[in-house]
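The block underneath contains the structure these notes are about, expressed in structure tokens.
The basis for the numbers below is simple: all heavy atoms, side chains too, and nothing from hydrogens, waters or symmetry mates. Nothing fancy with the numbering, it's 1 onward along the sequence.
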Amino acid sequence: QVQLVESGGGLVQAGGSLRLSCAASGRTVNTYAIGWFRQAPGKEREFVAAVNWNGSSTHYADSVKGRFTISRDNAKNTVYLQMNSLKPEDTANYYCGASPRYGPTTREQSVWYDFWGQGTQVTVSS
């Protein structure tokens with residue numbers, strides 16, 4: 001089992017920054033890829049970013065590329081999402097998920113993630 005807890009959300013003005021954290025626990029958590037997804041009211045959950053088990057590979061949605069950075073510190077069992085140049089359309093509940101798979105056909109699909117956190121709300125005002 002893997003447990004995930006997100007934190008760091010909040011209210012920020014457009015152009016501002018936030019750093020989200022995903023604290024993971026579980027015996028084999030550092031063997032999992034971690035992905036960040038977001039879901040706005042009335043919309044489906046969408047992929048944001050993913051990192052493989054040791055941080056050597058990252059992948060981003062086109063909508064956040066160049067603005068968001070995902071990283072992980074396995075010594076602290078934590079994955080981060082640094083979000084810069086935030087836009088009102090980034091407003092959503094942000095979730096981290098853990099997947100034993102990391103590949104071009106799986107990392108963007110929420111169905112391949114076995115464990116999820118409870119989410120943290122990010123609100124960007126214009």
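Put simply, the side chain of S57 reaches to within 4.5 Å of the side chain of Y102, judged on heavy atoms. Side-chain contact between R107 and S99: absent, with no pair of heavy atoms (C-beta onward) separated by less than 4.5 Å. Considering only heavy atoms from C-beta on, F115 comes within 4.5 Å of Q1 through its side chain. By the 4.5 Å heavy-atom criterion applied to side chains, L81 and T69 are not counted as neighbours. Between H59 and V51 the shortest side-chain heavy-atom distance does not fall below 4.5 Å. Side chains of V48 and F68 form a contact here, defined as non-hydrogen atoms less than 4.5 Å apart. Under the 4.5 Å side-chain criterion, counting only non-hydrogen atoms from C-beta, Y113 is in contact with F37. The closest side-chain heavy-atom distance from V12 to T123 is not below 4.5 Å.
The line from CD of Q121 to OG1 of T91 is 7.5 Å long, rounded to the nearest 0.5 Å. To the nearest 0.5 Å, atoms CD (E6) and CD (Q118) are separated by 4.5 Å. For the atom pair C96 SG and I70 CD1, the distance stands at 9.0 Å (nearest 0.5 Å).
A 6.0 Å sphere centred on NZ of K65 holds more than 12 heavy atoms belonging to other residues, nucleotides or ligands. Counting heavy atoms of neighbouring residues, nucleotides and ligands inside a 6.0 Å radius, atom CH2 of W116 exceeds 12 of them.
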Under the side chain to side chain contact (heavy atoms under 4.5 Å, CB included) rule, what do M83 and S17 come out as? Steps first, then yes or no, please. CA-CA 5 Å; M83 307 187 296; S17 298; over 6 Å; no
Give the intermediate values and the outcome of side chain to side chain contact (heavy atoms under 4.5 Å, CB included) for residues R67 and K87. CA-CA 10 Å; R67 300 188 297 122; K87 305 175 181 180; 3.8 Å; yes
Take T120 and L20, measure what side chain to side chain contact (heavy atoms under 4.5 Å, CB included) needs, and give me the verdict at the end. CA-CA 8 Å; T120 185; L20 306 184; 4.0 Å; yes
Any chance you could lay out the side chain to side chain contact (heavy atoms under 4.5 Å, CB included) test for S110 and F47, step after step, and finish with the verdict? CA-CA 7 Å; S110 60; F47 170 75; over 6 Å; no
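Nearest heavy-atom pair, A98 versus L4, reported as atom, atom and distance to 0.1 Å: N-CD1, 3.7 Å. A pairwise comparison of heavy atoms in S126 and A14 identifies CA-CB, 4.4 Å as the closest pair. Across all non-hydrogen atoms, the minimal contact from L18 to G8 is CD2-O, 3.8 Å.
Using a 3.5 Å distance cut-off with no hydrogens or angles, the side chains of D73 and T78 do not pair a donor with an acceptor. Neither side chain, N30 nor Y32, offers a donor N or O lying under 3.5 Å from an acceptor on the other. Donor-acceptor pairing under 3.5 Å is lacking for the side chains of S125 and Q13. No side-chain donor from either of N74 and N54 sits under 3.5 Å from a side-chain acceptor of the other. Using modelled atom types and a 3.5 Å distance limit, the side chains of Y94 and R38 yield a donor-acceptor pair.
W53 does not carry R72 over the face of its six-membered ring by the limits of under 6.0 Å from the centre and within 45° of the normal.
Linking ILVMFWY residues whenever their side-chain heavy atoms come closer than 4.5 Å, directly or via other members, leaves V122 and Y95 in distinct clusters.
Panel note: side chain R101, backbone T106; no donor-acceptor pair is recorded below 3.5 Å.
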